[in-house]
Amino acid sequence: MYIRASQHARSAADVVEVIERNPFATLVTHGDGGMIASHLPFVFDPSRGDHGTLYAHMARANAHAAVVGRAESLVVFTGPHAYISPSWYADRATAPTWDYVAVHCYGTALLHDAEETRRNIERLIAVVEGGREKPWSMDELGEEEVRSLIANVVSFEIPVSRMEAKFKLNQRDQPERIRAAIAELERSGAAELAEYIRRYNV
């Protein structure tokens, strides 16, 4: 991913934040028939391994399931993004652009056995059900249904071997334009992107 010097993450915490706020990502792997992609929710453990470990699962019927683990994969997390219009500025003689935040994680998947598959599914459920008044758990399924669920998915983890993070947020632009972009984004409901622009232009 092309990243200018001013667009690198300022901290590891910022990168983890992007992944945790945007866990539904795109998994891309190169197989015998070429590139294949799947859209999956991921759980990230930043404390496991040099660059953290990603956890996910997919339907066994998915052709991607036969490929994952055989070659390096790329997982793309897309954070907030928006079109930045020159119409927001007092001096409109400038090109429009698109501000965005993205994280790319690379690694080769390790497949899980049935026991670890159950733990992995429970890990995801605990994250997405967390905070609910009456969280759902797999214990509410019958044991036969649980066995069927486990048999019909391929569960895996990806120890991240390298990571790229891009924060393209009007860096090095004129202060009045940065303030105008933040104001317009907040007015339009894109408060998260406005927050990042403010953070990366202090």
Side-chain angles (χ1 to χ4, degrees), residues 1-29 35 37-56 72-108 123-124 126-128 130-131 157-202:
M1 177 162 57
Y2 171 59
I3 308 173
R4 291 179 175 174
S6 62
Q7 297 169 346
H8 286 281
R10 290 188 173 180
S11 70
D14 280 0
V15 178
V16 173
E17 179 183 74
V18 173
I19 293 173
E20 291 181 345
R21 285 184 176 183
N22 306 277
F24 192 70
T26 304
L27 172 72
V28 184
T29 311
M35 304 299 287
S38 295
H39 305 278
L40 306 169
F42 283 84
V43 174
F44 183 54
D45 182 351
S47 68
R48 188 171 176 202
D50 292 340
H51 302 286
T53 299
L54 292 164
Y55 297 88
E72 184 181 51
S73 290
L74 164 64
V75 185
V76 179
F77 294 90
T78 303
H81 59 92
Y83 173 66
I84 307 299
S85 173
S87 69
W88 299 345
Y89 308 144
D91 178 6
R92 296 160 60 106
T94 186
T97 191
W98 204 285
D99 278 7
Y100 64 92
V101 176
V103 175
H104 290 187
C105 296
Y106 298 83
T108 301
R123 179 187 290 113
L124 175 61
V127 170
V128 296
E157 61 190 76
I158 301 177
V160 179
S161 59
R162 63 189 174 100
M163 183 182 285
E164 300 170 329
K166 182 170 183 175
F167 292 75
K168 181 180 179 293
L169 301 164
N170 278 54
Q171 291 96 326
R172 299 188 299 183
D173 203 348
Q174 298 171 20
E176 60 270 20
R177 289 181 180 174
I178 293 169
R179 288 193 294 269
I182 290 170
E184 288 295 335
L185 289 168
E186 288 178 336
R187 269 196 287 271
S188 66
E192 187 180 5
L193 183 60
E195 171 199 335
Y196 278 116
I197 293 175
R198 184 179 289 109
R199 187 188 306 180
Y200 273 74
N201 285 282
V202 171

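Note that these values count all heavy atoms, side chains included, but never hydrogens, waters or copies made by symmetry. Bear in mind the structure is a predicted one, so any value in this text is a computation, not a measurement.
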Are [X] and [Y] side-chain neighbours, meaning at least one heavy-atom pair lies under 4.5 Å?
X	Y	value
Pro41	Val128	no
Tyr55	Arg48	yes
Ile178	Leu169	no
His39	Phe24	yes
Val127	Pro23	no
Leu54	Phe77	yes
Pro96	Ser85	no
Arg172	Arg4	yes

Requested in this report: Using the side-chain contact (heavy atoms from CB on, under 4.5 Å) rule, take Tyr106 and Glu164 through it: C-alpha gap first, then chi angles, then the decisive distance, then the call.
Outcome: CA-CA 9 Å; Tyr106 298 83; Glu164 300 170 329; 3.2 Å; yes
Requested in this report: Classify the angle between the aromatic ring planes of Trp98 and Tyr83 as parallel (below 30°), tilted (30 to 60°) or perpendicular (above 60°).
Outcome: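 Aromatic pair Trp98/Tyr83 classed tilted.
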Can you give me the closest heavy-atom contact between [X] and [Y], atom names plus distance?
X	Y	result
Ile182	Ala194	O-CB, 3.9 Å
Met1	Ala102	CE-O, 4.0 Å
Phe167	Ala9	CE1-CB, 3.5 Å
Ile19	Cys105	CD1-SG, 4.1 Å
Glu72	Thr29	O-CG2, 3.9 Å
His81	Leu193	C-CD2, 3.7 Å

Query - Short side-chain donor-acceptor distance under 3.5 Å, Tyr196 and Asp99 - result: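 There is no such pair between these side chains.
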Requested in this report: Show the numbers, then the answer: is there a side-chain contact (heavy atoms from CB on, under 4.5 Å) between Lys168 and Thr97?
Outcome: CA-CA 10 Å; Lys168 181 180 179 293; Thr97 191; 2.5 Å; yes
Taking atom [atom1] of [X] and atom [atom2] of [Y], what is their separation to the nearest 0.5 Å?
X	Y	atom1	atom2	value
Gln174	Tyr89	CD	OH	9.0 Å
Ser11	Glu17	OG	CD	8.0 Å
Arg177	Asn201	CZ	CG	13.0 Å

Report task. Begin with the C-alpha distance, continue with both residues' side-chain angles, and end with the deciding distance and a verdict on side-chain contact (heavy atoms from CB on, under 4.5 Å) for Ile84 and Glu184. Result -> CA-CA 9 Å; Ile84 307 299; Glu184 288 295 335; over 6 Å; no
Requested in this report: Under the side-chain hydrogen bond (donor to acceptor under 3.5 Å, both in side chains) rule, what do Lys166 and Tyr100 come out as? Steps first, then yes or no, please.
Outcome: CA-CA 8 Å; Lys166 182 170 183 175; Tyr100 64 92; 2.9 Å; yes
Query raised in the report: side-chain contact (heavy atoms from CB on, under 4.5 Å) between His51 and Ser161: does it pass, once the steps are laid out?
Result: CA-CA 6 Å; His51 302 286; Ser161 59; 5.7 Å; no
Query raised in the report: Do the numbers put Arg10 on top of the ring of Tyr200, so that NZ or CZ is under 6.0 Å from the six-membered ring centre and no more than 45° off the axis?
Result: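 Geometry flag: set, cation within 6.0 Å and 45°.
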Query - Asp45 and Arg123 ion-paired at < 4.0 Å - result: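 So Asp45 does not pair with Arg123 through a salt bridge.
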Query - Salt-bridge criterion met for Glu195 and Arg198 (N-O under 4.0 Å) - result: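 A salt bridge is absent here (no side-chain N lies under 4.0 Å from a carboxylate O).
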